[in-house]
2 protein chains.
Amino acid sequence: MRAEVATVVQNLVLERGYEETTVDDICATAEISRSTFFRYFPSKEEALFGESIDAGERLRDALTARPAGEAPWVAMRRALDALIEQYEAHDERTRRLTRLIVNTPSLAARHREKNARWQELLRPEIARRLGADPADDSDPRANAVIAAALGCVEAALAAWTANSQPQPLAKILDRAMQAPAHPR
Amino acid sequence: MRAEVATVVQNLVLERGYEETTVDDICATAEISRSTFFRYFPSKEEALFGESIDAGERLRDALTARPAGEAPWVAMRRALDALIEQYEAHDERTRRLTRLIVNTPSLAARHREKNARWQELLRPEIARRLGADPADDSDPRANAVIAAALGCVEAALAAWTANSQPQPLAKILDRAMQAPAHPR
DNA sequence: AGCATAAGTGGTACTGTGTCTCACAAATGC
DNA sequence: GCATTTGTGAGACACAGTACCACTTATGCT
């Protein structure tokens, strides 16, 4: 049922754009009331990409599963394979949706906001690998690694959705994450 | 005049928090009408940190001024000195404001949104240093370098505003930007 | 079966942001 | 002295999101 409404939202937004789709439109199409809509989803944004909320946990689990000695940046890259599969497993439709998210400022902002929430999840694990105190707020390194990596993911997603015949996302992300790390 | 209203906004927001400060409150305190407020600022958010819009241009200029052969990541770090000075030149009040922005999700999101707009400005210069085609949307490297660097800036700002007696921002950013690049 | 309780749904009113249009006043130009 | 621009205020409006209440339909219990 929730999924049903979510599909309606995706359809309408893909047709008409995000700002141009009102909650009333969605309710009319899905034949529910506004009350019901907001009981299922806390906001219009969440209705659009609310499925992948738990991706943060999956990412953290993938990260903890990496060998203990692995360098933070490398471990991050490997952990992100879990996320990548998520994206690539889906169909063309998901890629169009992703492109829409990346290109719509308010949606991109919400997307990054969700990423920001992942920081708290991933931070202890990265700090451990850095030999840093996770509770030390004056040490920016753990957050920096996470924010930088997620920035690379965003860049990779943008490149991935730009063309109709994209390269494998894993390959794109490899290039993206090598760019900051590489001395030249 | 614009600056006067902006000061009112900062005062109220620092006292009561962002969400708790309505536009009507601001208008009442500044003794203007809602119409006037929205003629000066496109939104409540912009009224809060609308002064630093041109920081993107400054950053780009600093970047182009760096030696041509310098590696992208290094050039980025050096160019960011211009931004850092901006932050550190101001008083304690600015730091409190920055902390508020970093800790308020909706404001942090808007802050990142502004950063995202910088990407387009910085992209040609970074692409040039990478030997990449700036118009090639399928090459994620330039955007990745920028997004990663700005992610580090965010992490550095968070660390900078966490303590009342912070280290120099330049030093914090150095640590932050070494973390992803460093192999270990 | 009959009844009570709970869960899902819809309706309505409200707050707050942001847009738009119109009216009015003050400054500027001729 | 008159016209045009520019700044300001006032009101109506669209939309997101919240709160509260009424109604219906299961579900459980005796």
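Model, not experiment: these values are computed from the prediction. Note on naming: letters A, B, ... go to the chains in the order of the sequence lines (proteins, then strands), and numbering restarts at 1 for each one.
For the pair B:E46 CD and C:dG18 C1', the computed distance is 13 Å after rounding to whole Å. Spacing between atom CD1 of A:I32 and atom P of C:dA7 amounts to 20 Å, rounded to whole angstrom units. Atoms CZ (A:F38) and C1' (C:dT15) sit 14 Å apart, rounded to a whole Å.
Atoms CD and CD, from A:E45 and A:E113 in turn, are 8.0 Å apart once rounded to the nearest 0.5 Å.
The backbone N or O of B:T21 lies less than 3.5 Å from a partner atom in the side chain of B:K44, making a donor-acceptor pair. A donor-acceptor pair under 3.5 Å is absent between the side-chain atoms of A:R129 and the main chain of A:P72, judged by distance alone. Formation of a donor-acceptor pair under 3.5 Å by the B:R2 side chain with backbone atoms of B:Y40 is found in this model.
Contact annotation: A:S35 side-chain N/O to C:dG10 OP1/OP2 distance is not under 4.0 Å.
In the 5' to 3' direction, nucleotides of DNA chain D lying under 4.0 Å from heavy atoms of chain A begin and end at D:dC15 to D:dT18.
The pair B:D174-B:K171 does not count as a salt bridge, with every side-chain nitrogen at least 4.0 angstrom from each carboxylate oxygen. Using a 4.0 Å cut-off between charged nitrogen and carboxylate oxygen, B:R95 and B:E92 count as a salt-bridge pair.
A:Q10 and A:R93 form a side-chain donor-acceptor contact under 3.5 Å, judged by distance and modelled atom types alone.
Contact check of residues 16-29 of chain A against DNA chain D (heavy atom, cut-off under 4.0 Å) returns A:T21, A:T22, A:V23.
If you find the closest nucleotide of DNA chain D to A:R34 and to A:R39, the one lying nearer the 5' end belongs to A:R34.
Heavy atoms only, all atoms of each residue included: A:A156 and A:L169 are closest at O-CD1, 4.1 Å.
Residue contacts shown for B:Y40 are limited to sugar-phosphate atoms, with no base heavy atom under 4.0 Å away.
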